[in-house]
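Comments concern the structure below.
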Amino acid sequence: MTWLITGGAGYIGAHVVRAMLDAGERAVVLDDLSTGIAERVPEGVPLVVGSTLDEALLGRLMRDRGVTGVVHLAAKKQVGESVDLPLHYYRENVEGLRTLLSAVTDAGVASFVFSSSAAVYGMPDVDLVTEETPCVPMSPYGETKLAGEWLVRATGRATGLSTASLRYFNVAGAATPELADTGVFNLVPMVFEKLTEGAPPRVFGADYPTPDGTCVRDYIHVVDLAEAHVATARRLREAPGTDLTLNIGRGEGVSVREMIDRINALTGHTLPPSVVDRRPGDPARVVASADRIASELGWKARYDVEDMIASAWAGWTRNHPAK
Ligand code: WQD
């Protein structure tokens with residue numbers, strides 16, 4: 001089976017490509033290289049540089065490469081930026097998906113895996129977020145992911161396309177230093193950046209209704225996340241007509257303060273964090289119930305927070321050598 005992996009030159013996409021190859025699948029990557037890096041695509045995997053908005057290109061690509069399944073990761077993913085540029089986010093994330101689905105159904109592709117996000121839940125008021133927890137996204141980014149899920153499901157029902165939407169929680173870590181996240185938009189790299197500058201890491205608010213007052217999240221190693229895609233792809237192939245929505249997390253809440261303490265311990269830094277104002281729009285606690293994916297696919301995360309921090313740090317020090 002040949003999988004088209006959109007966004008396969010990105011941080012998460014490149015891990016998915018490797019996991020698919022390791023599982024014996026064939027892969028072809030489509031990436032516009034707006035944030036992706038060509039060198040992340042392994043040798044032997046064709047990289048087509050282009051956009052999911054280009055329907056003619058998509059049609060050619062599916063035909064010429066004999067694509068039988070798609071894993072669609074290509075998207076814009078910065079929550080704050082989506083507030084300032086909603087039209088851009090809807091175009092890239094919703095119109096890009098609609099165009100891709102149109103090409104997919106025209107080409108008779110059988111399986112479609114969609115990268116969704118815990119951002120669809122907004123500010124969930126529950127201890128563990130299940131796939132049945134109401135979706136009330138708080139940003140245009142989250143809205144585009146929820147609209148994307150609807151589009152994917154409706155297309156599956158109308159055409160028989162086998163579909164899955166995977167709701168990623170907080171992704172961290174790297175398989176190898178070269179594949180590490182180069183963006184500095186999330187807690188782990190933002191803390192690394194401060195430590196590298198010799199400055200204290202920042203805690204965005206310590207007056208939340210959580211045990212230590214800082215926000216609690218569910219961190220998931222990108223290698224585990226990539227393996228969840230392989231398990232999903234296998235299911236879609238084996239069971240035509242599948243319509244799955246799955247959380248991908250570990251079911252373990254870790255606070256910002258705990259993350260910073262563990263980062264300090266693992267990297268040998270001692271600077272205590274400084275508490276600054278809350279970042280607008282941050283929910284106090286977002287932790288997955290990972291029960292459905294375990295029962296549906298037998299998938300369970302293998303790596304813990306220490307593995308995520310250590311592998312992310314190896315990537316960070318490679319990309320930011322000490323001067
Ligand atoms: C985690 C916690 C911050 C930096 C976002 C998206 C989500 C998903 C993952 C794509 C928060 C706090 C951060 C710092 C801090 N993306 N923080 N100091 O906001 O949970 O999730 O990325 O799908 O949709 O919303 O992740 O890593 O930005 O923040 O205190 O220097 O760390 O306030 O509580 P978030 P994050």
Side-chain angles (χ1 to χ4, degrees), residues 7 10-13 35 72-83 89 92-93 114-124 129 135-149 165-173 181 183-197 199-222 225 228 247-250 252-264 269 271-288 305 308-309 312 316:
Y11 160 57
I12 297 175
T35 53
H72 177 47
L73 297 107
K76 308 308 290 178
K77 64 167 184 179
Q78 288 179 48
V79 173
E81 185 182 60
S82 79
V83 175
Y89 271 68
E92 293 286 325
N93 293 5
F114 175 59
S115 285
S116 187
S117 167
V120 298
Y121 295 114
M123 299 233 184
V129 178
C135 291
V136 191
M138 300 288 293
S139 67
Y141 167 71
E143 291 164 13
T144 64
K145 287 294 168 182
L146 186 55
E149 290 190 7
S165 290
L166 303 183
R167 294 177 174 164
Y168 307 168
F169 282 64
N170 289 64
V171 186
D181 192 3
V184 187
F185 302 111
N186 296 109
L187 176 64
V188 172
M190 286 168 79
V191 170
F192 289 169
E193 182 171 66
K194 288 292 171 196
L195 295 175
T196 305
E197 290 166 358
R202 292 170 304 167
V203 174
F204 296 151
D207 57 351
Y208 284 93
T210 58
D212 69 12
T214 70
C215 291
V216 173
R217 295 288 182 273
D218 187 342
Y219 296 89
I220 172 87
H221 198 298
V222 67
L225 174 71
N247 286 342
I248 309 191
R250 297 166 60 248
E252 183 190 306
V254 182
S255 76
V256 170
R257 213 182 265 285
E258 287 166 344
M259 277 304 273
I260 294 177
D261 286 349
R262 292 188 195 191
I263 292 172
N264 271 340
H269 287 86
L271 268 183
S274 72
V275 176
V276 300
D277 285 348
R278 285 183 177 199
R279 192 173 66 177
D282 275 338
R285 178 184 164 92
V286 188
V287 179
V305 163
M308 296 176 219
I309 295 171
W316 179 271

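What you are looking at is a predicted structure, and each value in this text was computed from that prediction instead of being measured. One-based numbering, in listed order, for ligands and for the atoms of each.
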> How about Tyr208 and Thr214: does a side-chain donor come under 3.5 Å of a side-chain acceptor?
Replying inline: no

> Asn186 to ligand 1: N or O pair under 3.5 Å?
Replying inline: yes

> Any idea which heavy atoms bring Val191 and Pro201 closest together, and the distance?
Replying inline: CG1-CB, 3.8 Å

> Among protein heavy atoms, which lies nearest atom 34 (O) of ligand 1, and at what distance?
Replying inline: Cys215 CB, 3.0 Å

>> Using a 4.0 Å cut-off to any heavy atom of Ala119, which atoms of ligand 1 qualify?
In response: 24 (O)

> If you measure from atom 3 (C) of ligand 1 to every heavy atom of Ile12, Val203, Asp282, Val120, which option wins on shortest distance?
Replying inline: Asp282

> When you measure from atom 1 (C) of ligand 1 to every protein heavy atom, which one gives the shortest distance, and what is it?
Replying inline: Tyr219 OH, 3.8 Å

>> Among all protein heavy atoms in this structure, tell me which lies nearest to atom 25 (O) of ligand 1, with the distance rounded to 0.1 Å.
In response: Val79 CG2, 3.3 Å

> If you measure from each non-hydrogen atom of Leu187 to ligand 1, which part falls under 4.0 Å: side chain, backbone, both or neither?
Replying inline: both

> For Ser255, does its backbone N or O pair with a side-chain atom of Glu258 as donor and acceptor, under 3.5 Å?
Replying inline: yes

> Lys145 side chain to Pro137 main-chain N or O, any donor-acceptor pair under 3.5 Å?
Replying inline: no

> In terms of ring plane angle, is the pair Tyr121 and Phe169 parallel, tilted or perpendicular, where the classes change at 30° and 60°?
Replying inline: tilted

> Given that the side chain starts at C-beta and the backbone is N, CA, C, O, which of these parts of Asn170 lies under 4.0 Å from ligand 1, counting heavy atoms, or is it both or neither?
Replying inline: side chain

>> Among all protein heavy atoms in this structure, tell me which lies nearest to atom 8 (C) of ligand 1, with the distance rounded to 0.1 Å.
In response: Ser117 OG, 4.3 Å

> Is any side-chain heavy atom of Tyr89 less than 4.5 Å from a side-chain heavy atom of Val79?
Replying inline: no

>> Tell me whether Asp207 at atom CG has more than 12 heavy atoms from other residues, nucleotides or ligands lying less than 6.0 Å away.
In response: yes

> How far is atom 19 (O) of ligand 1 from its nearest protein heavy atom, and which residue and atom is that?
Replying inline: Arg279 NH2, 2.8 Å

> Do Asn170 and Val188 touch side chain to side chain, with heavy atoms closer than 4.5 Å?
Replying inline: no

> If you measure from atom 14 (C) of ligand 1 to every heavy atom of Tyr208, Phe204, Phe169, which option wins on shortest distance?
Replying inline: Phe204

>> Below 4.0 Å, non-hydrogen atoms only: which portion of Tyr141 touches ligand 1? Side chain, backbone, both or neither.
In response: side chain

> So between Arg202, Lys77, Arg167, Arg217, whose heavy atom ends up nearest atom 11 (C) of ligand 1?
Replying inline: Arg217

>> Would Arg250 pass as a cation-pi partner of Tyr219, given that its NZ or CZ must be under 6.0 Å from the six-membered ring centre and within 45 degrees of the axis?
In response: no

> Counting each atom of ligand 1 from 1 as listed, which ones have a heavy atom of Met190 under 4.0 Å away?
Replying inline: 4 (C), 31 (O)

> Can you list the ligand 1 atoms lying under 4.0 Å from a non-hydrogen atom of Phe185?
Replying inline: 28 (O)

> Taking the side chain from Asn264 and the backbone from Pro272, do they hold a donor-acceptor pair closer than 3.5 Å?
Replying inline: no

> Any idea which protein heavy atom is nearest atom 32 (O) of ligand 1, and the distance to it?
Replying inline: Val256 CG2, 3.4 Å

